[in-house]
Amino acid sequence: MNLTKVLIYLLFAVVFVLGILYYRFIFGYLAAAIMFSYLMDPFVNWFERRRIPRWLSILIVYIMILGLLIWFGLRFLPTLSHQGNSILQTLGKDQESALRTVLGLPFIKNLNDFLTNLDKQIPHLSLSSLFQEMIGKGVEIAKNLPTILMKNFQAVIGTLSFLAAVPLLSFFIIKDKHQFRKGILSLIPNRYFELTLSLMNKIDETVGRYFRAMFFEVIVVAIMVSVAFSIVGVPNPILIGVIAGFANIIPYFGPASGVLVAALTILITGANPVLIIWASLAMWIVQLIDNNLVYPVVVGTTIRMHPLIVLLTVIAGGWIGGILWMLISVPLVYIVYSLVRALYLNLRSFKII
Amino acid sequence: MFDKIYKILGLVRSKDDKYSELRSFLLFADLNPYEMYQVSNICHKRSYAKNEQVFDKGFPLEAVFFILNGEIELTGSTQPGGQRRLGKGEQIGLIDLFYKPIRQSKAIAIKETNLLAVSREDFLDLVARNPRLGVKILSTCCKLLSTHVFDLAGTGEEQ
């Protein structure tokens, strides 16, 4: 290579790096917009196959979603916030009285009495005071939650602008999907063209399938759990249903955590502890329907990962970025794994490595 | 005025030259403008230099190629006489596509060649999701296939 070539490549590299630096804040927006586009794409295609121009199809889908969101907001948000508030209210009194309320709950009271009794029987044990201290800490954390939300006012505004920008970006991504694909492929040398084609199809299929699957699973499971729990008589069924729906993204452990939340609510609100058994049964039936009817139809194939790997992945996700990352970690790892596998197999079959 | 409205709405009023390249292929010859639009969405233009290899025998079949101009030489046992040259308006890989997704022959550009590439999955997806379009394309496929069979049989008699 001569000097001119080196200089020109260097210039390109500098421009590229500067470009990334300049646009570094929008990668999150872009990722969310791409995810949203994957969710919307099948619906837009459905309309487009009925001879409606693509841009109009997108608008129709957007309006339908907006309508659905408004209906959902008017119908369920008041109930949701009411159910959330009733829990917060129990905990929201000042520290001492909140502690007393929690200690006064039937189940916890029994446990406390049992521990006090045990302390009397066995000298130097003092489990009871330890137990009270533990509950006190738990109450304190739960009480501070709304304050934490209020303090992050700036972040809330940021989230709102994010929510406004994503549909706009998605609009163009969905509308010019084919042009983007063509643009990327035109840059690929002939030797790697078919390889790239196959990888792009694979990405489209895997990523699209899991985003859509996650989305529908959350909604369907949330509805089913809400219905099942309200039939059984668990307090705050819709709130727990929504939590269980999101938790369901994590294979193996999600459903269990749904039951756990239900059990905690039953204990806190002082309902009959036998309800926990009924709640578990209801959850089991929901899982039965989900695994045998909903999942095979929506996704087709299951995430085949060993429970140990799932657990480790979820823990690692939690260390990176809290609950959100815990939820997306398993699909993310699975998608990356299957793409790397596809890349390797393709490189072998095209005799590139 | 209508022209403007059609233009704003992105509709096609009548057949125009937009898809003349596609129309030159037997497979897409009798598609309507909307179907042409669908096909053109999944077409990728590729150009090959003289003596450049398009694909080798045993490669996965990920794309069907349509020759816009130039000449491609195919070498393999499924070709009549073991070797065949294809030119403008002909397609490569359409018959292998329905056999298994592996190339049965090797393709090299004899001179500078421009091809239209359609991904195998996009192609099958298009056929599956658009029954009317699918029937048109598949029946032309059958026509091409029977021509190919008679070609093979013909050369078999000569040998």
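Numbers restart at 1 for each chain; the letters A, B, ... are given by sequence-line order, proteins then strands.
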Please classify the contact of Glu52(B) with chain A as side chain, backbone, both or neither, using a heavy-atom distance under 4.5 Å.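 Looking at Glu52(B), just its side chain touches chain A.
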
For Ile102(B), is it the side chain, the backbone, both or neither that has a heavy atom under 4.5 Å from a heavy atom of chain A?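 It is neither, since no heavy atom gets under 4.5 Å.
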
Once rounded to the nearest 0.5 Å, what's the spacing between atom [atom1] of [X] and atom [atom2] of [Y]?
| X | Y | atom1 | atom2 | result |
| --- | --- | --- | --- | --- |
| His44(B) | Leu197(A) | NE2 | CG | 5.5 Å |
| Phe65(B) | Phe193(A) | CZ | CZ | 5.5 Å |
| Glu62(B) | Asn201(A) | CD | CG | 7.0 Å |
| Arg49(A) | Leu126(B) | CZ | CG | 10.0 Å |

So Arg46(B) and Asn190(A), side-chain hydrogen bond (donor to acceptor under 3.5 Å, both in side chains) or not? Walk me through it. CA-CA 7 Å; Arg46(B) 312 293 306 173; Asn190(A) 284 336; 3.1 Å; yes

Does atom [atom1] of [X] have more than 12 heavy-atom neighbours, drawn from other residues, nucleotides or ligands, at distances under 6.0 Å?
| X | atom1 | value |
| --- | --- | --- |
| Arg341(A) | CZ | no |
| Phe27(A) | CZ | yes |
| Tyr62(A) | OH | yes |
| Tyr337(A) | OH | no |
| Tyr23(A) | OH | no |
| Arg24(A) | CZ | yes |
| Tyr192(A) | OH | no |
| Glu112(B) | CD | no |

So if I take each residue of residues 172-189 of chain A and look for any heavy atom under 4.5 Å from a heavy atom in chain B, which residues do I end up with?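 Only His178(A), Arg181(A), Lys182(A), Leu185(A), Ser186(A), Ile188(A), Pro189(A) of residues 172-189 of chain A have a heavy atom under 4.5 Å from chain B.
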
Salt-bridge present (Glu194(A), Arg103(B); N to O < 4.0 Å):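 Looking at Arg103(B) together with Glu194(A), the answer is yes, because their closest N to O distance falls below 4.0 Å.
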
Donor on one side chain, acceptor on other, Glu48(A) and Tyr37(B), under 3.5 Å: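 Per modelled atom types, Glu48(A) and Tyr37(B) side chains form a pair under 3.5 Å.
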
If you compare all heavy atoms of Glu205(A) against all heavy atoms of Glu121(B), which two are closest, and at what distance to 0.1 Å?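 For Glu205(A) and Glu121(B), the tightest heavy-atom pair comes out as OE1-OE1, 4.3 Å.
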
At their closest point, which heavy atom of Phe59(B) faces which heavy atom of Ser349(A), and how far apart are they?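 Answer, listing the atom of Phe59(B) first, then Ser349(A): CD1-O, 4.0 Å.
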
Just to be sure I understand the criterion: a residue of residues 131-146 of chain B counts if one of its heavy atoms is under 4.5 Å from a heavy atom of chain A. Which ones qualify?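 Against chain A, none of the residues of residues 131-146 of chain B fall inside the cut-off of heavy atoms under 4.5 Å.
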
